[in-house]
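We count residues from 1, following the sequence as given.
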Amino acid sequence: MTLDDPVIEGSGSFYPFSKGQLPPEPPLGNMEYKLKLIPVNETRRQHLSTQLKWRLKEGFGEAIYEIGVRDDGKVVGISEEDMRISLTTIDNMAKSIGAEILLTREFLHNGKHVAEVVLRRLPDNTDEFVDFRIALLGNVDSGKSTILGVLSSGELDNGRGKARLNLFRHPHEIQTGRTSSVSREILGFSIDGQVVNYRVSDTSEEILQQSFKLITFTDLAGHHKYIRTTISGLMASKPDFVMLVVSALVGCNQSTVEHLSLAAALRLPVFAVITKTDCCDLARIPKVIGDLTALTQSTDLPSDLAAVVQTEDECLSAAYHMACGAMMPIFTVSNVTGQNLNLLTRFLSMLPCTVATKARELSLREPAEFQIDKCYRLDGVGKVVSGILTSGTISPGTTLALGPSFSGGYTKVLVKSIQRSHTPCQLVRTGQSVAVCIVLDDEGFRIRRGMVLTDIASPLNSCLVFEAVLRILCDVKVITKGLQGTVHCGYICQTAVVTDVDSQEALSNPLERFVKLKFIKQPECVRTGDRFVFRHGRIKAIGTVGLVMGLDGPVF
């Protein structure tokens, strides 16, 4: 949209200023609110350009400006002349620092003008790429594996599940068409926003090499009998966003409510995809959209605003507002006809950095900690562990500590080599999933899921007992002393017993309880501030680790 384009009235399917209030301007991140941009002198111009540089840096080369909005998020609006000057100013700011305006959307709000401007500047080092993780949640048979297969392969489904076959890991999954395990797939975008998948690249190594923005999808089981696997995969993958998949044929059911409530409790930005729109009549889709909208108002999402995205311009704006918790975008797609898949890929290409991705950048300075998912022994290679790096960096030749063992001890290991998506790499950064070949000091040391590789200089933590605050997703009275449940914390999945429960009056939130938990089998490495899910049957709670009571005794 150019500066001379007509104003769009705020009556479309997605109008971010409809409520007259946005979330307060975040001090960090790539979103900036400006009532108006009218530079009075050269010093002011330089200040505005410097501020734009900082917002672009926060967004890894992308930023969004809301004009006509106060810092507290109040949508005020300005006159037509002030808006013209403000848009001219931001255009000059972008040119002065080598940035470009991707999108300008103007709206009328209570007779006043407001605008949304999306900017991008290419990074100085194009070898670095932005990395996101998205978890797929939704009811069984909603089409999660199929849509992921379509996105990653670039080929439409044949209507009988052909696109999902490459994601299945077990024969029974192929026979039933239902996911029972956790599978991952990647999708890349080039520096100009073009899709990089297996249609244009033969291998995952080529996708990594050609991508400026890389998304790792985690496909989770939808059937309720696999809820343990679903929760474990959700907590272990540490997603930045959640894609909630809903079938237009079935609509929202109890699993949809449960998955959306879980994502909301974990404070994860959510966008919804309604699939199988080619299999139902047109009157069915608005009903499903209405049910989803009602769900956002009944759950604990940061915002109860849900809106259908219908144009590419709306994709850009919806990506930023979803990331900051202002809305839940909804897409209606067909994996057979390809309807609106272009909108979904456009939306994915414009996803901005969130608080989680910024936190990963900050944690690069912290001691390394690598959480182990699986352990292998390969002929001619040795022992290999796969998992995710939660803090710091790791490179070949580094000596780390591995543990805790059944007795709470650690052993020293040497990092021999590292591979990411079958590609050798010399440096692993926070948030990346890799496979690490290691050489152990103690060859008899038994490696298990949930262990960590951590910096020797950092405190080596082993604990059986820890305190936590549980936020209950059901009746708070069910949390009693002696209750046993499963703790899902990263790759840790172990039964723990509630050994003590404080009075409810100790906390201001009536849905929270202060408890003491004890692992019943072996020590684990948990740290203050870690988030976890506590599950017992249909009882689910989101916990935050408080005081950790470490084990005494020798570490090595």
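- Looking at heavy atoms from C-beta onward, V309 lies out of side-chain contact with M322 at the 4.5 angstrom threshold.
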Open item on the list: Please determine whether salt bridge (charged side-chain N to carboxylate O under 4.0 Å, His left out) holds for the pair E62 and R120, giving the CA-CA distance in whole Å, both sets of side-chain angles, and the decisive distance to 0.1 Å.
Closed with: CA-CA 4 Å; E62 297 172 353; R120 172 183 283 177; 2.8 Å; yes

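- Annotation: ring-ring contact (aromatic ring centres under 6.0 Å, His included) contacts of F534 (sequence neighbours excluded): none.
- Residues P269 and D240 approach most closely at CD-O, 3.3 Å, considering heavy atoms.
- A salt bridge links R449 with D373: the closest approach of a Lys/Arg side-chain nitrogen to an acidic carboxylate oxygen falls below 4.0 angstrom.
- A donor atom on one side chain and an acceptor atom on the other are not found under 3.5 Å apart for T337 and Q339.
- Between the side chain of K213 and the main chain of S349, a donor-acceptor pair closer than 3.5 Å is present.
- Applying the ring-ring contact (aromatic ring centres under 6.0 Å, His included) test to residues at least two apart or on different chains, none of the pairs has a partner in residues 367-396.
- A donor-acceptor pair under 3.5 Å is formed between the side chain of T275 and the backbone N or O of S142.
- Nearest heavy atom pair, residue E58 against residue N30, reads CB-N, 4.1 Å.
- Distance alone, capped at 3.5 Å, is enough to place a donor-acceptor pair between the Q494 side chain and the Q522 backbone.
- Under a 4.0 Å N-O distance rule, the pair E314/R346 does not qualify as a salt bridge.
- The backbone N or O of G138 lies less than 3.5 Å from a partner atom in the side chain of K144, making a donor-acceptor pair.
- For S391 (side chain) and P367 (main-chain N/O), a donor-acceptor pair under 3.5 Å exists by modelled atom type.
- Between the side chain of S211 and the main chain of L214, no donor-acceptor pair closer than 3.5 Å is present.
- Qualifying ring-ring contact (aromatic ring centres under 6.0 Å, His included) partners for F466, counting only residues two or more places apart in sequence or in other chains: F519, F532.
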